[in-house]
Protein chains: 2
Amino acid sequence: MRILGIDPGSIHLGWGVIDYVGKKPVYVASGCFLPGRDEDEFNERLLSIHREVKERIDKFQPDLVAVEDSFYGENVKTAIKLGQVRGVIMLAAYEKNCKVIEIPTRKIKQSVTGKGGASKHQVAYMVGQILKLQINCPEDETDALACAISASRI
Amino acid sequence: MRILGIDPGSIHLGWGVIDYVGKKPVYVASGCFLPGRDEDEFNERLLSIHREVKERIDKFQPDLVAVEDSFYGENVKTAIKLGQVRGVIMLAAYEKNCKVIEIPTRKIKQSVTGKGGASKHQVAYMVGQILKLQINCPEDETDALACAISASRI
């Protein structure tokens with residue numbers, strides 16, 4: 001079973017692919033991309049996120065897409081923007097006939113580190129241990145790998 | 001200039017098309033559709049909303065798509081869901097090379113009735129007056145027409 005994990009964001013978007021060979025997770029690929037920075041071009045960023053996610057799906061042919069369901073803070077405007085990003089990611093998965101699930105951040109951290117309140121650094125460390133990798137990449141990328149790992153454990 | 005106004009929602013979605021002939025708004029078409037009700041099928045609803053909006057754009061060829069930027073309440077989960085709906089609508093417009101804008105509910109009400117705090121009923125009444133129509137349709141539909149009317153006045 002192959003899983004594409006995504007840590008959604010309109011500034012940085014992390015992604016990670018793992019294979020499950022029996023119960024053992026095996027690293028396939030991961031990365032991070034920047035849909036853009038300019039506030040005025042949010043529509044274009046949505047288009048770019050939608051296209052990039054479809055390209056990852058075409059390339060890696062995952063059986064499942066797992067999207068981190070995160071929200072820190074109470075700002076409704078930010079929540080709507082994050083929702084817009086997640087909406088186009090979920091649509092991309094659905095258009096490619098991929099099953100898609102959303103996993104709350106706390107569950108991902110719990111699954112990977114044993115602690116729902118773990119720091120990003122602790123998550124990155126455990127992702128390295130689980131996948132037997134030297135981790136030296138943006139935390140959006142390790143968060144996406146953590147999301148993919150936890151998806152197989154739910 | 002032709003404008004497609006949308007009142008986004010994952011349960012009911014209202015839409016309305018108006019033409020601007022000089023400064024005069026002329027009714028073209030409007031409607032409401034139900035992407036679905038079942039909470040478990042939210043992904044399918046996103047797909048259905050994306051497809052339906054693209055179909056309206058293909059059929060009516062608007063120059064501009066105006067989406068109501070509404071949010072009542074403080075529930076972040078609801079805001080994320082509404083964001084997901086708006087994300088796929090904006091993506092549909094963008095994929096069809098349509099300009100898309102978001103207009104806050106208060107601005108729409110202000111523009112159509114003169115009062116930012118007008119009721120849905122007052123909005124519906126004024127939409128009828130402005131477009132010289134007997135209004136007898138769901139309020140999501142009159143809200144969408146109000147959104148299209150206000151888009152041309154911004």
Side-chain angles (χ1 to χ4, degrees), chain A residues 4 6-10 13 35-36 39-54 57 64-107, chain B residues 4 6-10 13 35-36 39-54 57 64-107:
Chain A
L4 167 61
I6 295 178
D7 178 25
S10 67
L13 192 144
E39 190 59 27
D40 291 330
E41 292 171 10
F42 188 70
N43 297 348
E44 278 178 36
R45 271 191 269 161
L46 287 182
L47 197 67
S48 145
I49 291 165
H50 182 249
R51 188 179 52 230
E52 294 266 3
V53 171
K54 284 208 287 193
I57 295 172
L64 176 68
V65 176
V67 184
E68 184 173 341
D69 178 357
S70 67
F71 187 67
Y72 307 104
E74 296 297 322
N75 186 322
V76 163
K77 272 198 182 305
T78 313
I80 294 255
K81 273 204 157 36
L82 184 58
Q84 287 173 323
V85 169
R86 271 163 48 187
V88 302
I89 293 169
M90 289 164 69
L91 181 74
Y94 228 68
E95 286 174 330
K96 294 287 179 184
N97 294 314
C98 266
K99 194 169 178 285
V100 54
I101 55 168
E102 293 181 285
I103 312 174
T105 306
R106 235 187 134 72
K107 270 202 177 170
Chain B
L4 167 61
I6 296 178
D7 178 25
S10 67
L13 193 144
E39 191 57 28
D40 291 330
E41 293 171 10
F42 188 69
N43 297 347
E44 278 178 37
R45 270 190 271 163
L46 287 182
L47 197 66
S48 146
I49 291 165
H50 183 249
R51 189 180 51 231
E52 294 265 5
V53 170
K54 283 209 289 194
I57 294 172
L64 175 68
V65 176
V67 183
E68 183 173 342
D69 177 357
S70 66
F71 186 67
Y72 307 105
E74 295 298 322
N75 186 322
V76 164
K77 272 197 185 301
T78 313
I80 295 254
K81 272 204 160 34
L82 184 58
Q84 288 173 322
V85 170
R86 270 162 49 185
V88 302
I89 292 169
M90 288 163 69
L91 182 74
Y94 228 68
E95 286 173 331
K96 294 286 179 187
N97 293 315
C98 265
K99 194 168 179 286
V100 54
I101 54 168
E102 295 182 283
I103 312 174
T105 306
R106 237 190 130 71
K107 269 202 177 170

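Not measured: the values here are computed from a predicted model. First the proteins, then the strands, lettered A, B, ... as listed; each starts at 1.
- The distance from the CD atom of A:Q84 to the CG atom of B:L82 is 8.5 Å, given to the nearest 0.5 Å.
- At a threshold of 4.5 Å between non-hydrogen side-chain atoms, the residues A:D69 and B:K77 count as touching.
- Here CG of A:L46 is found 5.5 Å from CE of B:M90. Values are rounded to the nearest 0.5 Å.
- Identified by a heavy-atom distance below 4.5 Å to chain B, the contributing residues of residues 96-104 of chain A are A:V100, A:E102, in residue-number order.
- Interatomic distance, CD of B:E95 versus CG of A:N43, reported as 12.0 Å (0.5 Å rounding).
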